[in-house]
Chemist: 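Have a look at the structure that comes next, please.
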Amino acid sequence: METAAAIDTRPRVMVLDDDPEMASYVAAAMRRAGFLPTVTPNAEVFFRELSDEHSIILVDLMMPGKDGIQVLHELGEKKCTASIVLISTVAMRILGAAERIALGHGLRLLGSLRKPFEVSELLDVVTTAPPPVPKKKKKKEIAPVTTEELRRGIDADEFIVHFQPKIQVKSLEFVAVEALARWAHPERGLLSPAHFIGTAEQHDLIGPLTSAIIGKAFHQCAVWLDAGLRLKLAVNVSTRSLGDYDLPEWFEEQTRMAGILPHQVVIEITESWITRDPLAMLEILTRLRMKGFSLSIDDFGTGYSTMLKLKNIPFSELKLDQSFIRDAASDAEARYIVESSISLGQKLGLHLVAEGVERQEDWDLITELGCDEGQGYFIARPMRGSDVPNWLGRWQAYLGK
Ligand code: C2E
Ligand code: CA
Ligand code: CA
């Protein structure tokens, strides 16, 4: 005769909670809802009993010995495919961090519950459809570029510029572009900056690379100007280049040669690392500003001692980092950061730009919060300079002009 367990077809559930009362409350509710729960009091017993047959795991975060975060880590390593529900008394922000950790480990997170909760809340969470298994995006493996390769590429003039439109939020007017470096590599195809900026910065090749990119971007800007298209042009300058005292003169000379004005140029400073000589940087940036160039603090909110730089350096523009914009429509904390950055920027009299605007709701939000300019895939992807007039035609048609 077969045992009851052998023919039991109820979906199997693991409950991991050191609090016996809570564990039996959860188990009873699950049983009534048609599940077959196994209760375990600690991580050791839990991992011993866990099998592929368990479709749902309810895990408490606060436990003596291994805590819930360590359990999530281990489940991630084991490539567990069960649906996970987090249960805890911890503060919402900690629970939110735990959710990000679960998702970061590629786990299927159904949701989380704060104790005490009603049985109905628990059932709501466990009966939601499990999310699809997060697919690890297969990035094309590209071997890292070598210094020699980069030097050869610069010498052979293989670097080109793509331009991404920036739109004035109030008028929807096309007002500016950001120049983004691309490497038209003869064997590897078109490479994005992630593949070469780091190497260039580390091996003192960022100077020649910046010169090549800026020279081409200024030239393109002058071509547009001749065709009647007056745009501001934003260029990226790494803090590595900011130890060169002649930079302001160099920039001025480049605008003169191209036939454009410093007022048309926004210099976006990416401050992803600590500068060797802050005084030199301050001097160079101040002189650039005095010559009429706009200065933008790029990726605002992500760098080192951002506030101090904002206070000390005469920036004219603040560019909100795309990670905050991406989350702000759905995540209250990201929204607070965006809101307070905008209000800070407004008080300092800065021009405010939001990057990474990908969806209608991102656009609505930056409009509501009072950003001056928006940039992102929702408006346009970076494109070749020669494609910009066509894009503008489509944009104006879209606006009904
Ligand atoms: P960044 O200055 O923050 O530039 C924005 C990046 O976000 C660009 O990536 C752009 O293609 C991408 N982007 C724009 N809109 C969206 C959107 O809606 N969603 C998402 N997910 N991404 C968006 P890209 O071209 O790969 O450049 C990466 C970084 O490389 C730049 O970040 C900048 O820091 C650096 N970089 C690019 N060109 C240069 C350069 O000429 N010199 C230096 N020093 N750095 C450069
Ligand atoms: Ca930038
Ligand atoms: Ca950025």
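We count ligands from 1, going down the list as the structure has it; atoms in each ligand are counted the same way.
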Chemist: Could you check whether atom CD of E361 has more than 12 heavy atoms from other residues, nucleotides or ligands sitting under 6.0 Å from it?
Modeler: yes

Chemist: Just checking: E355, one of its N/O/S atoms, less than 3.0 Å away from the Ca ion (ligand 2), yes or no?
Modeler: no

Chemist: Give a yes/no verdict on a cation-pi contact between K78 and F47, requiring under 6.0 Å between NZ or CZ and the six-membered ring centre and an angle within 45° of the axis.
Modeler: yes

Chemist: Specify side chain, backbone, both or neither for S238, according to which of its non-hydrogen atoms lie closer than 4.0 Å to ligand 1.
Modeler: both

Chemist: Check the surroundings of atom CD in E77: do more than 12 heavy atoms from other residues, nucleotides or ligands lie under 6.0 Å from it?
Modeler: yes

Chemist: Counting from 1, what ligand 1 atoms have a heavy atom of E355 closer than 4.0 Å?
Modeler: 3 (O), 5 (C)

Chemist: Ignoring hydrogens, what is the shortest heavy-atom contact between N236 and L180? Give both atom names and the distance.
Modeler: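 Reported closest heavy-atom pair: ND2-CD2, 3.8 Å.
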
Chemist: Classify the contact between T210 and ligand 1 as side chain, backbone, both or neither, using a heavy-atom distance cut-off of under 4.0 Å.
Modeler: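 Near ligand 1, T210 shows nothing, with every heavy atom at 4.0 Å or more.
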
Chemist: Minimum heavy-atom separation for G259 to L225, with atom names?
Modeler: O-CD2, 4.0 Å

Chemist: In this structure, does ligand 1 have an atom that sits under 4.0 Å from one of the heavy atoms of A194?
Modeler: no

Chemist: Are any of the N/O atoms on D299, whether in the backbone or the side chain, positioned under 3.5 angstrom from an N/O atom of ligand 1?
Modeler: yes

Chemist: One residue to check: Q375. Relative to ligand 1, which of side chain, backbone, both or neither has a non-hydrogen atom less than 4.0 Å away?
Modeler: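 For Q375, there is no contact with ligand 1 at all, from either part.
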
Chemist: Non-hydrogen atoms of E178 versus ligand 1: any pair closer than 4.0 Å?
Modeler: yes

Chemist: Record the part of I197 in heavy-atom contact with ligand 1 below 4.0 Å; permitted values are side chain, backbone, both and neither.
Modeler: side chain

Chemist: So E373 and K232, do their side chains get closer than 4.5 Å, heavy atoms only?
Modeler: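 No, their side chains stay 4.5 Å or more apart.
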
Chemist: Using distance alone, determine whether E358 and ligand 1 share an N or O pair under 3.5 Å.
Modeler: yes

Chemist: Is the F163-W224 ring centre distance short of 6.0 angstrom?
Modeler: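 Judged by ring-centre distance (under 6.0 Å), F163 and W224 do meet the cut-off.
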
Chemist: Counting only heavy atoms, tell me which of D298, N236, T302 gets closest to atom 46 (C) of ligand 1.
Modeler: N236

Chemist: Please check if the number of heavy atoms outside M22 that lie under 6.0 Å from its CE is greater than 12.
Modeler: yes

Chemist: Can R182 be said to touch ligand 1, with heavy atoms closer than 4.0 Å?
Modeler: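 Judged by the 4.0 Å heavy-atom criterion, R182 does count as contacting ligand 1.
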
Chemist: Should the heavy atoms of other residues, nucleotides or ligands under 6.0 Å from NE2 of H351 be counted, would the total exceed 12?
Modeler: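 More than 12 within 6.0 Å, yes.
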
Chemist: Should the pair R152-E149 be classified as a salt bridge under the 4.0 Å nitrogen-to-oxygen rule?
Modeler: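 Looking at E149 together with R152, the answer is no, because their closest N to O distance does not fall below 4.0 Å.
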
Chemist: Among the N, O or S atoms of E268, which one sits nearest to the Ca ion (ligand 2)?
Modeler: OE1

Chemist: Of all the N, O or S atoms in E178, which has the shortest distance to the Ca ion (ligand 2)?
Modeler: OE2

Chemist: Using a 4.0 Å heavy-atom cut-off, which part of H162 comes near ligand 1: side chain, backbone, both, or neither?
Modeler: neither

Chemist: Any idea which atoms of ligand 1 are less than 4.0 Å away from a heavy-atom of P382?
Modeler: 11 (O)

Chemist: Do any of the N, O or S atoms of N236 sit under 3.0 Å from the Ca ion (ligand 2)?
Modeler: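 An N, O or S atom of N236 is closer than 3.0 Å to the Ca ion (ligand 2), so yes.
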
Chemist: Going by the closest heavy atom to atom 24 (P) of ligand 1, which one wins out of S192, G198, A212, P193?
Modeler: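 Considering heavy atoms of S192, G198, A212, P193, the nearest to atom 24 (P) of ligand 1 sits in P193.
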
Chemist: Side chain or backbone of V357 under 4.0 Å from ligand 1, or both, or neither, by non-hydrogen atoms?
Modeler: backbone

Chemist: Can you tell me if CD on Q360 sees more than 12 non-hydrogen neighbours from other groups inside 6.0 Å?
Modeler: yes

Chemist: Report the name of the N/O/S atom of D298 located nearest to the Ca ion (ligand 2).
Modeler: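 Atom name of the closest N, O or S in D298: OD2.
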
Chemist: Please check: side-chain N/O of N390 versus main-chain N/O of D387, any donor-acceptor pairing under 3.5 Å?
Modeler: no

Chemist: Just wondering, more than 12 heavy atoms not from Y336 lying within 6.0 Å of its OH?
Modeler: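 Atom OH in Y336 is not crowded, with 12 or fewer foreign heavy atoms closer than 6.0 Å.
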
Chemist: Just wondering, more than 12 heavy atoms not from D155 lying within 6.0 Å of its CG?
Modeler: yes

Chemist: For ligand 1, which part of T270 has a heavy atom less than 4.0 Å away: the side chain, the backbone, both, or neither?
Modeler: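 Under 4.0 Å from ligand 1, T270 contributes side-chain atoms alone.
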
Chemist: Considering the heavy atoms of G356, write down every atom of ligand 1 situated less than 4.0 Å from one of them.
Modeler: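 Those atoms are 17 (C), 18 (O).
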
Chemist: Select one of side chain, backbone, both or neither to describe which atoms of Q164 lie under 4.0 Å from any atom of ligand 1, heavy atoms only.
Modeler: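 The part of Q164 near ligand 1 is the side chain, not the backbone.
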
